[in-house]
Structures are given as structure tokens and as C-alpha cells.
Number of protein chains: 4
Amino acid sequence: MPASDSLPTTRADRRARSEQAILEATRAILAEGGVPGLTIEGVAARSGVAKTTIYRRWRDKDELALAAVWNDLASGLQAPRDVGDTRAELLAFIEPLVTILRSTLMSSVIRGLTSEIAQDRDLSHAYREQFIEPRLAQLALVIRRGVERGDLRPDTNVRLAHEFLVGPVFYRLLFSGQPLDEGLAPRVTDAVLRAFAAQ
Amino acid sequence: MPASDSLPTTRADRRARSEQAILEATRAILAEGGVPGLTIEGVAARSGVAKTTIYRRWRDKDELALAAVWNDLASGLQAPRDVGDTRAELLAFIEPLVTILRSTLMSSVIRGLTSEIAQDRDLSHAYREQFIEPRLAQLALVIRRGVERGDLRPDTNVRLAHEFLVGPVFYRLLFSGQPLDEGLAPRVTDAVLRAFAAQ
Amino acid sequence: MPASDSLPTTRADRRARSEQAILEATRAILAEGGVPGLTIEGVAARSGVAKTTIYRRWRDKDELALAAVWNDLASGLQAPRDVGDTRAELLAFIEPLVTILRSTLMSSVIRGLTSEIAQDRDLSHAYREQFIEPRLAQLALVIRRGVERGDLRPDTNVRLAHEFLVGPVFYRLLFSGQPLDEGLAPRVTDAVLRAFAAQ
Amino acid sequence: MPASDSLPTTRADRRARSEQAILEATRAILAEGGVPGLTIEGVAARSGVAKTTIYRRWRDKDELALAAVWNDLASGLQAPRDVGDTRAELLAFIEPLVTILRSTLMSSVIRGLTSEIAQDRDLSHAYREQFIEPRLAQLALVIRRGVERGDLRPDTNVRLAHEFLVGPVFYRLLFSGQPLDEGLAPRVTDAVLRAFAAQ
DNA sequence: GACTAAGCGAGACGGTACGTCGCGTCTTAAA
DNA sequence: TTTAAGACGCGACGTACCGTCTCGCTTAGTC
């Protein structure tokens, strides 16, 4: 801070620094009390930032919470590479999601935000645009390769397949309370393979 | 002496009458503004009942909202009868759920309560106990008959099958925004039949 | 008649017994939390009596509190006997009041009731009628004897003298927080004697 | 920083403006219904201020009520000037108190607050510190001059004299209901003069 | 090198709803 | 008839956060 010329502190720098402070504080609070424990006032106090600074960047606490976990969420879900094995690729598609949702932070954030995502027009739109659509695109490639290999029916519906892959995962997370254990991804994958097998 | 059909006003009567007034007001408010628009104060004002009377019966607005739709939810989901046709019975299991969730009231309530169900220990416990477990029991009968008929694999896992049936439905409701159209139930049913087909 | 040898329980008995239970509970609660801690609901719970039974006898918690300490208050303040010494008789008039108000129970009750006595028409009327007037009558006798003995001026105003005797005591109790110590009564007495001395 | 003298709506300004609105509303409500009629919610509604803003400044309605009349109370009770006449100065000490307490507003406020002042540690402390002690200091000067003039005994106890002057006034206000008429101050003054006369 | 304006911290404010307390009324059922 | 039991409408409480709105300070980039 005093370091005269060490940190040139452009406006963008200041912006970035307070943004980082906010997101870190948000993650810390989320880890402690989940979405219900998250308040803008709390984030402001913890990050040493003014409430207005937070409101300048995010509309409400839901957007903030999503932003706080966005990187981890997005970066953990990469497109499966072509490994010549449809089952392996489907597994590579769904396994990371299960793993991420097993983490306390991410699971509690998703649990807490689901109602908002399901209700808020803007938030749901953003969620689909930025999260679901890219995932569908990833899955479409896997399925196309599976069809070409003769593993999957040519008319396999990508959306439906996606719903079968992730539906059970979210259902466990949100409703049934069944564990997101290591057997889940393979079992889901196998069921999908059978459901959409060629012939 | 019971004055035939006047108003005998026993304690239970008063209790029941204000309970009805509360639940009706709750449904009306839910229909208008969904769970976010539901406030205890609003219900009290609309039902002509004191706030305390509401708090005497339900811990918070989530329990109240669930109670308000409970009857419709539970009564709409009956065990499929044995009709000698596994596909028809699976359809009879999942179709009513899709239909119910298509209604504005029920879908907005479920959307709004999901986060609470997923986060609140008591509420999630109650939800599983009173809602999921009975449904699993219903499905178990259908699957047993399917196995006996040679339609389903003997080792068909009821929980997994249930997750495959309802997971896509809730995923549409909460995240993808895809419509709960008439084709959904049959498509889900067929996929499950293939995924767990005998042989 | 049927009650064989147990308790004949006439209606008056029941009435008296619950009244005693109420007053005892009231005193206990007053001793613990003073007038602010006194609630009708608390008294009902503690005495095992229904709220309605309390309301049948006393209009509100102020009347109840006053009733609960009434006996002690009234019985402690007897008319000074003629002992041939005006100073001794004035002392015998004011000393017991100071002593009573030194007790934790009585002082906290008076502190807590003062505003009600000062504001409520009925309560203030009852207080004057049942408490102040008898005391004035007691003091009038003392003063008349003092005048006859030549100790006090013949035109000594009883009300004014009374105000001088008790005013400082209540002022300490309510406002100044000065102790109601043993020197207070004599000092007040002497001042009054001088203020109204003959000649 | 100096802000000259225009209308720059500084933070202090906003603070002062809402404070004035609150105190005015408080006085109006007190005038109408006394302390029992005073509610924070009522003050908020009448002053157009949020409840929280009131709670930010005063702990409860008693502090608020006291604050609302504080100026009138304090400004009305000035130290008697040296006029070379002890009786006149004692009268100048006690007369304004009687006059103030004759006003409907002030008398009803004091009646309503007395129990709180007598019971609440903080409030009673504040009352003594800010109100009684300054008055004792005023009276001490009067008495010192009276002693120097040979009107009062050299060992005249200021606290006791104060209690004799104000005790009767408050006793009338709170308990006896006797009027605070114009004769009261002179009679109290004369009695005190006799009680503490030199020789 | 001085000036402008962006961005920020600070924090007061109006507001909504919360969940709680105790009031005093009322009705029923038991003694 | 009196009581206990207890549900109820009601008013107010004090609290938690919300999102908005200045206000000055600090500083970066422009003239």
C-alpha cells in the first residue's frame, strides 16, 4: 500500500482487488453458513468493502454467491476428450460433476441457490446460457462420437440424455439425501448407455 | 341439544376453521406470488387470523407452504394398480407427477421450497419420510411385478429407477426450464424400461 | 356431605384457596423480578390457576400487585398511641413507613406501581381512599395532641405536615436513590417539628 | 469542512432533522395520551421516520420520552440569582418546578416515567447525574448565601433541604392528587425556612 | 502540475418482515 | 356455579437486512 512505485494501482487494479476481497469473503461465509448465512452486510464487513461497492457489481446475494463459485464450477467441467470409448467419455462427462457437488462449499451453494435459479428470470436465463448450454454442447460431441462408433442410437436425444445423466445427481443432492458416492456416476452412465444403446 | 346444524363451535372446530382459513389464504398468496411472495404477515392479514395463531401451528413459512399443498400433492400420487402391463404401470407412476408439477401453483411452490427442503434438516427429513418413502414403496410394487412378468431385470434397483424417473422431471422444473410436456412421461418411461430391461 | 372425611370444600373455601395461591405466587414473582417481571400469565402458571380466575378478581396486574402487598403495608402502619411526647409520636408515625419501604419486596412494588397509581383514575382513587386518608386521620390525631401540648402551632395543616413527613421518603425511594437509612425518620421528624413549632 | 452556512445536507444535518421530527412527534403523542399512549411504532408512523432510526438513538420509549421533554425541563430550572433575600431565592428555586409540573405535558410525562426512573439502573443514573445533581448545586449556592446572611443554620444539609422542597411537590403529583396550586411553593418555602432557620 | 472525475469507505436512512411476548376475551368441559 | 384449560385476535416489541442515497477522500489520467 505505501510501496510508492511497487504497485502501480490502476483503476482496474483497485477494482480487481476489491472484487477479489468480496469473492473471498463470500466464499468464506458460504463455507460457514451456506447461502442462508450469506448477507451483503456480512460480506461488506468481512471484506472491508462498502456495501455500495458490492451492489455496484452484483444485483443481489444470489448473483454474488454464484459468482463466488463460478470459476470452480466451470473449470471443473471440461469437455471429455475423444478416447475411443463411449462409456469412458460419458463417465468423464458426469464424474466431475458428482465430484464437485460432493464438496461442502459447492453443494451447499447449489442447494441454497436452486430456488432462486428456478424462480428468478434473469438468474435462470444466465444459468442456462452460461452453464447448461455449454454442457449440452460438450455432451453432444460425446454422443455424436458414440453414435459414430455404433454404441448409441442415431436418434439419441441430447437433452434427454443429459437429463438422465444429471437428473439423478441433482435429485440426490436436493431431495433424497442419498449420498453422491463413487458408484453413482458409473451406475448412471451404464443406465444411460442401456437406455440409448444402438438397436 | 346439538342444535342440529347451527354452529357448535367446539375447540377442535375453531382450530379447524382457522386452519382452513390459513391454508386457503396461503394457497391464494402462493398462486399470486409464489413462495417469495408468501409472508406470514400477509397470510395473517388475508385470512383474518392472528400471526400467533399461524406460528402456533407451523414453524415457518416453508412448513406452511408445504402444508398448504400437501393434500393435492399426496392425493394426486396414488399407487399404480396392477394392470398386467409394466409400461402402463410405470407411466401411471410418473405421469401424475408431471401433471401435478405442470400446475402453476404446485410448480411454483416446489420451485420455491426446494432450497429449504435441501437445507433444513427437519424439513428434508419430513419430506423424505412423508413423501419420498411412500413413493418408493409404490414404485417397488410396480417393479416387482415387472420383474415377475420378465420385463425388468431381477436386480433392478428401486432407488435408482426412481431417480431416473423423477430426476429428469425435477431437473426440467428447476434448472433447464424445458417444458413438462405430454411427451415427457412416456419418454422417461421408455428410457427406464430400456435401462432396466431383462437380459 | 358426600366428601366423607376429606375436605368439605365449600365454594367459599375454593375461592379463598385459589386467592391465596394467586397472592402467594404474585409475591414470589414480585420478589424475583419486581413489577416489570409480573405478568398475569406468569402468576397463573405459578399458582396453577387459570388466567380467567385472576381476571375475575383483579382488573389488571397493578391491582393484583397492590393486593398482594396490601396486608403487610396496612398492618405495618398503625396509629401512634398517645405517649405524651409529640416527637416520639411523629417518629412512631413515620418510622414504620421507612422501615417497610426498606424491604426489597415493598420498595420494588412501590417503585413499579407509582406510575400506575399516578396515572390510573381508579387505582389512584383507591390508593387515596384506602391508604392516604387513613394515614391522614392517624396523623391528625398526633398533631391535635401536639397542638394541645403546646408543641405545634394551632394552625398546623395536616396535609402539609403529611407531605413534609412522607415526601422526602418517597423522593429518596423514587428519584434520588439516597438510602432510607435509620437517620432519615428522626431527621424528617425534627425538621417537621421545627417547621410547625408553636410560636 | 467549514461548509459555510448554506444548506449542504451533511450527515449531521440529516441526523438532526430526523431527530427533530422524532422528538416533535413524541411530544405530540405524549400530549395526547401520556406515556402509556407512547409507542415507538406510533412515533415512527407520525414522524415519518423508520423505527430503526428511533432505536438507533434511544434505547427505549422511556429514554425517548425523557429526551423529548428534556429541554423544557432543564431550561425552565435556572439557578436563582443573588437578590439579597433568602426567601425570595428559595421561592425562585422551587416555584419554576411547580409551574413546569403544572403543565399537562410535563406532569403526565413525569407521572408515566417515574416507575422507570425508579427501577431502571441506567435511567435512574442518568436522571440523577443530569438533573438532580445540577439542581443540588443550584440549591447549595442559595443555602450558602442564606447561611452567610444569617437566615439559615450553618449546618443546613443541602440534600435534606432539597428533599423538603421537592418531596411534597412530587408527592402531590404522584400520590395525593392534591393540586399544584399557587400557594404550594410559598408554603413549602416557609416551612423549609422555619425548619432550617438559624438559632 | 493542476484539475477533473471515477471509484470507494462510510454510514444514515426508510422500509419490510421477522418471530416473540403478554394482554384480555371467549368457549368448553370437568368438578 | 365455579373453575382449569387453552385457543384466539391483537398490539407492540426489538432485530436483521434490505437496497438507496449522499458525502468526502483518494487517486489516475487528462489538459
Side-chain angles (χ1 to χ4, degrees), chain A residues 1 8-15 17-18 38-45 47-57 59-61, chain B residues 7-19 21 38-45 47-57 59-61, chain C residues 2-3 9-15 17-18 36-45 47-56 59-61, chain D residues 1 3 8-19 21 38-45 47-57 59-61:
Chain A
M1 214 178 263
T9 336
T10 67
R11 283 177 195 163
D13 280 347
R14 288 170 71 194
R15 202 183 168 78
R17 230 177 310 136
S18 57
L38 182 68
T39 67
I40 299 287
E41 303 219 321
V43 173
S47 64
V49 140
K51 276 202 294 177
T52 28
T53 304
I54 301 176
Y55 280 112
R56 273 179 207 117
R57 284 177 179 58
R59 239 187 345 125
D60 51 36
K61 71 172 189 168
Chain B
L7 294 175
T9 331
T10 71
R11 280 171 211 166
D13 280 347
R14 291 169 73 194
R15 209 159 207 289
R17 229 176 309 135
S18 55
E19 179 155 331
L38 182 69
T39 66
I40 299 287
E41 301 222 318
V43 173
S47 64
V49 142
K51 269 203 296 179
T52 33
T53 301
I54 301 176
Y55 281 111
R56 277 177 200 121
R57 286 179 179 57
R59 240 184 346 123
D60 51 35
K61 71 172 189 168
Chain C
T9 334
T10 69
R11 281 172 201 169
D13 280 347
R14 288 169 71 193
R15 199 181 171 80
R17 226 176 315 132
S18 56
L38 182 68
T39 66
I40 299 287
E41 303 220 320
V43 173
S47 64
V49 141
K51 278 201 294 178
T52 28
T53 304
I54 301 176
Y55 280 112
R56 267 178 215 116
R59 235 184 352 121
D60 51 35
K61 71 172 188 168
Chain D
M1 195 169 214
T9 327
T10 70
R11 282 168 210 166
D13 280 346
R14 291 169 71 194
R15 207 162 208 290
R17 229 175 312 134
S18 56
E19 180 156 331
L38 182 68
T39 65
I40 299 285
E41 300 222 320
V43 173
S47 65
V49 141
K51 269 204 296 179
T52 34
T53 301
I54 302 176
Y55 281 112
R56 276 179 201 119
R57 285 178 178 57
R59 244 186 338 127
D60 51 36
K61 71 173 190 167

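In what follows, chains carry the letters A, B, and so on, assigned in the order in which the sequence lines appear, proteins first and then strands, with residues in each chain numbered from 1. Computed from heavy atoms alone, side chains included, the values below leave out hydrogens, waters and symmetry copies.
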For F/dC10, does the base pair up with any side-chain atom of B/Thr52 as donor and acceptor (N or O, under 3.5 Å, distance only)?
yes
At under 4.0 Å, does any side-chain N or O of D/Arg15 touch on OP1 or OP2 of F/dT22?
no
Output the distance between atom CD1 (D/Ile40) and atom OG1 (D/Thr53), rounded to the nearest 0.5 Å.
11.5 Å
Is there a side-chain contact between A/Ile54 and A/Lys51 in this structure, where contact means two heavy atoms from C-beta onward sitting under 4.5 Å apart?
no
Contact class for D/Gly42 vs. all strands (heavy atom < 4.0 Å): base, sugar-phosphate, or nothing?
nothing
Verify, without hydrogens or angle tests, whether C/Arg59 (side chain) and C/Tyr55 (backbone) share a donor-acceptor contact under 3.5 angstrom.
no
Nearest-nucleotide 5' precedence on DNA chain F, D/Tyr55 against B/Val49:
B/Val49
Tell me: CD1 of B/Ile54 to P of E/dT20, nearest whole Å?
13 Å
Taking only side-chain nitrogens and oxygens of A/Thr53, does any of them come within less than 4.0 Å of OP1 or OP2 of E/dG9?
yes
Nearest-angstrom distance from the residue atom CD of D/Glu19 to P of E/dG14:
13 Å
When you check the phosphate oxygens OP1 and OP2 of E/dC13, does a side-chain N or O of D/Ser18 lie under 4.0 Å from one of them?
yes
Please name the pair of heavy atoms, one in C/Ala50 and one in C/Ala44, separated by the smallest distance, quoted to 0.1 Å.
C-CB, 4.3 Å
Quick one: D/Glu41 CD to E/dG15 C1', roughly how many Å, whole number?
13 Å
Please figure out whether B/Arg56 or A/Arg59 has its closest DNA chain F nucleotide nearer the 5' end.
B/Arg56
Using heavy atoms to find the nearest nucleotide of DNA chain E for A/Arg57 and D/Arg57 separately, return the residue whose nucleotide is more 5′.
A/Arg57
Using whole Å, what does the distance between atom P of nucleotide F/dT3 and atom CZ of C/Arg17 come to?
11 Å
Just by distance, do the side chain of C/Ser47 and the backbone of C/Val43 share a donor-acceptor pair under 3.5 Å?
yes
Among the nucleotides E/dA10, F/dC18, F/dG14, which one has an atom lying closest to any side-chain atom of D/Lys51?
F/dG14
Length of the line joining D/Ile40:CD1 and F/dC13:P, which is rounded to integer Å
6 Å
Looking only at side-chain atoms of C/Thr39, point me to the closest of E/dC23, E/dC13, F/dA4.
E/dC23
Regarding the side chain of A/Lys61, the nearest nucleotide among F/dG14, F/dC18, F/dC8 is F/dC18
